[in-house]
Number of protein chains: 2
Amino acid sequence: MTRKPEPEVAPRPLTPVELELMHIVWRLGEVSVADVLAALPPERALAYTSVSTVLRILEQKGVVHSRKQGRGHLYSAVLPRDAYEAQSVRHLVETVFDGTPSALVARLVEAVPLSASDMDQLRKLLDAKGRKP
Amino acid sequence: MTRKPEPEVAPRPLTPVELELMHIVWRLGEVSVADVLAALPPERALAYTSVSTVLRILEQKGVVHSRKQGRGHLYSAVLPRDAYEAQSVRHLVETVFDGTPSALVARLVEAVPLSASDMDQLRKLLDAKGRKP
DNA sequence: CGCAAACTACTAAGGGCTTAGTTTCAAATC
DNA sequence: GATTTGAAACTAAGCCCTTAGTAGTTTGCG
């Protein structure tokens, strides 16, 4: 009967800095503190120790995993980006849109500038979803 | 040339309790502390003073306005719910979906259970938007 | 007018987030 | 093997959020 693996009901959203670093981890795969530091935009001058601290916090929260390598550590994501995106959308639907997904989309098409190709994309998404429910 | 009134570029998202109370303010219109307290679900037993404090913080942030009435104050929303919804969606698109709105919708249709009427709704939204760009 | 009730302002404590310095530890090099 | 070096752990300060108590003020009523 294969229990569906849904261990994360509603883990707290990542904080801004955590999310900022996670984007780098997701993009690069397995990274050292130095890698993350290097991947930050030039105007974002975090100290080495600050990045290190945040990565350690992320590990403590179970969002990343670390393995020892040479002098330092390599960090990689435990929480896939997909899963975090899903979690974020659900959270927004829940907290701001009264659990009504279409209300979110309604606001989106009204409040965010959408290109023609964006619109195409959306239509395709709905068609794909609609055909095999 | 009528300057477009867009004073709020990216105000901080409301905190969980702030949002919780704002939902009540948006729903009821103009409320006293006691009104808000009464509108909270029974299991959510906040102290009168806690509600009062949060409303005062909201006022300080410019999210609500208060006017004196009788013994106490009446609070009403300055930030309309629409605007906050828009702001929230934009924020999510920006911070989690790399500024790509269709990525959000893609994740939504995949990660949130959508009813048939939800799907209808969405299709209508897109059609309406698509016809007069 | 004076008192009781209601309401607000002040204050505070606990916890988490952000940032980063200091210290300690391990590794590479000579 | 000892020294240098670079990274991680520990620590901390500042700020905000949440919750609520206390004290002080206003108001309505007798």
Side-chain angles (χ1 to χ4, degrees), chain A residues 10-25 28 30-76 79 84 88 91 95-96, chain B residues 10-25 28 30-76 79 84 88 91 95-96:
Chain A
R12 257 187 221 74
L14 299 173
T15 68
V17 191
E18 286 169 357
L19 181 56
E20 188 182 3
L21 297 201
M22 282 310 293
H23 274 303
I24 296 173
V25 175
L28 302 185
E30 197 173 30
V31 295
S32 65
V33 174
D35 292 337
V36 173
L37 207 46
L40 285 169
E43 69 273 16
R44 182 71 164 122
L46 276 182
Y48 182 100
T49 51
S50 303
V51 173
S52 170
T53 300
V54 174
L55 285 175
R56 198 150 7 89
I57 291 172
L58 283 168
E59 179 169 26
Q60 190 182 299
K61 292 188 179 177
V63 180
V64 304
H65 157 89
S66 84
R67 71 183 175 91
K68 203 135 183 51
Q69 200 266 355
R71 56 214 106 192
H73 288 158
L74 289 184
Y75 297 88
S76 51
L79 177 67
Y84 185 69
S88 301
H91 184 258
T95 59
V96 175
Chain B
R12 256 187 223 74
L14 299 174
T15 68
V17 192
E18 286 169 357
L19 181 55
E20 188 182 3
L21 297 202
M22 282 311 294
H23 275 302
I24 296 172
V25 175
L28 301 187
E30 198 173 29
V31 295
S32 66
V33 174
D35 293 336
V36 172
L37 207 44
L40 283 170
E43 69 273 16
R44 181 73 165 119
L46 277 181
Y48 183 100
T49 51
S50 303
V51 173
S52 170
T53 301
V54 174
L55 285 176
R56 199 150 4 91
I57 291 173
L58 283 168
E59 177 169 29
Q60 191 182 299
K61 292 187 178 180
V63 180
V64 304
H65 157 89
S66 84
R67 71 184 176 88
K68 202 134 184 55
Q69 200 266 356
R71 54 217 108 190
H73 287 158
L74 289 184
Y75 297 88
S76 51
L79 178 67
Y84 184 70
S88 301
H91 184 257
T95 58
V96 174

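What's counted below: heavy atoms across the whole structure, side chains too, no hydrogens, waters or symmetry copies. A, B, ... follow the sequence lines: proteins, then strands. Residue 1 opens every chain.
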*Asks:* Rounded to the nearest 0.5 Å, how far apart are NE2 of His65(A) and CG of Leu79(A)?
*Replies:*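 That separation rounds to 15.0 Å.
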*Asks:* The side chain of Val17(B) is closest to which nucleotide in this list: dT19(C), dT18(D), dA20(C)?
*Replies:* dT18(D)
*Asks:* Is there a side-chain contact between Arg12(A) and Lys61(A) in this structure, where contact means two heavy atoms from C-beta onward sitting under 4.5 Å apart?
*Replies:*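 Side chain of Arg12(A) against side chain of Lys61(A), heavy atoms only: no contact under 4.5 Å found.
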*Asks:* Rounded to whole Å, please give me the gap between CZ in Arg12(A) and P in dT18(D).
*Replies:*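 In whole Å, dT18(D) P lies 12 Å from Arg12(A) CZ.
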*Asks:* Using a 3.5 Å distance criterion without hydrogens, assess whether the side chain of Thr95(A) forms a donor-acceptor pair with backbone atoms of His91(A).
*Replies:* yes
*Asks:* Does the side chain of Glu18(B) come within less than 4.5 Å of Val63(B)'s, by heavy atoms?
*Replies:* no
*Asks:* Angle between the two end axes of the helix from dC1(C)-dG30(D) to dC30(C)-dG1(D), five base pairs per end, rounded to 10 degrees?
*Replies:*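 Comparing the first five pairs with the last five, the axes sit 10° apart.
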*Asks:* Quickly work out the Glu20(A) CD to dC17(C) P distance and round it to whole Å.
*Replies:* 16 Å
*Asks:* Which whole-number value in Å describes the distance from Leu55(A) CG to dA8(D) C1'?
*Replies:*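 The answer, rounded to whole Å, is 11 Å.
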*Asks:* Please walk me through it: do Ile57(B) and Thr15(B) pass side chain to side chain contact (heavy atoms under 4.5 Å, CB included)?
*Replies:* CA-CA 11 Å; Ile57(B) 291 173; Thr15(B) 68; over 6 Å; no
*Asks:* Can you tell me how far the CG atom of Leu37(B) sits from the OG atom of Ser50(B), to the nearest 0.5 Å?
*Replies:* 9.0 Å
*Asks:* So which protein nitrogen or oxygen atoms get under 3.5 Å of nucleotides 3-5 of chain D's nitrogens or oxygens?
*Replies:*
none

*Asks:* Provide a list of protein-nucleic acid N or O atom pairs under 3.5 angstrom, restricted to nucleotides 3-10 of chain C.
*Replies:*
from	atom 1	to	atom 2	distance (Å)
dC7(C)	O5'	Tyr48(B)	OH	3.2
dT8(C)	OP1	His73(B)	N	3.0
dT8(C)	OP2	Tyr48(B)	OH	3.1
dA9(C)	OP2	Arg56(B)	NE	2.7

*Asks:* From the options dC17(D), dT18(C), dT19(C), select the nucleotide whose nearest atom is closest to the side chain of Lys61(B).
*Replies:*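 Among the listed nucleotides, the one closest to the side chain of Lys61(B) is dC17(D).
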*Asks:* Is there a side-chain contact between Leu14(B) and Leu58(B) in this structure, where contact means two heavy atoms from C-beta onward sitting under 4.5 Å apart?
*Replies:*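 In contact.
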*Asks:* Could you tell me the separation between the CD atom of Gln69(B) and the P atom of dT27(D), rounded to a whole number of Å?
*Replies:* 11 Å
*Asks:* Quick one, Val64(B) and Leu21(B) - any side-chain contact, counting heavy atoms below 4.5 Å?
*Replies:*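 No; the side chains remain at least 4.5 Å from each other.
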*Asks:* Could you give the CG-to-C1' distance, from Leu58(A) to dA9(D), as a whole number of Å?
*Replies:*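 Rounded to the whole Å, the gap is 16 Å.
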*Asks:* May I ask you to verify if any side-chain N or O of Ser50(B) is less than 4.0 angstrom from the OP1 or OP2 atom of dA20(D)?
*Replies:* yes
*Asks:* Whole angstroms only, please: what is the CG-P distance between Leu19(A) and dC17(C)?
*Replies:*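 Leu19(A) atom CG is separated from dC17(C) atom P by 14 Å.
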*Asks:* dC17(C), dA20(C), dT18(D): which one has an atom nearest the side-chain heavy atoms of Leu46(A)?
*Replies:* dA20(C)
*Asks:* May I have the step-by-step check of side chain to side chain contact (heavy atoms under 4.5 Å, CB included) for Asp35(B) and Tyr75(B), ending in yes or no?
*Replies:* CA-CA 10 Å; Asp35(B) 293 336; Tyr75(B) 297 88; over 6 Å; no
*Asks:* Starting from C1' on dA8(D), measure out to CG on Asp35(A) and report it in whole angstrom.
*Replies:* 16 Å
*Asks:* I need the minimum non-hydrogen distance between Glu20(A) and Arg44(A), along with the two atoms involved.
*Replies:* OE2-NE, 2.8 Å
*Asks:* Is there a side-chain contact between Glu59(A) and His73(A), using heavy atoms and a 4.5 Å cut-off?
*Replies:*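 Contact flag for Glu59(A)/His73(A) side chains = no.
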*Asks:* Taking atom NE2 of His23(B) as the centre, report whether more than 12 heavy atoms of other residues, nucleotides or ligands fall under 6.0 Å from it.
*Replies:* yes
*Asks:* Please report the distance, rounded to the nearest Å, between CE in Met22(B) and C1' in dC17(D).
*Replies:* 17 Å
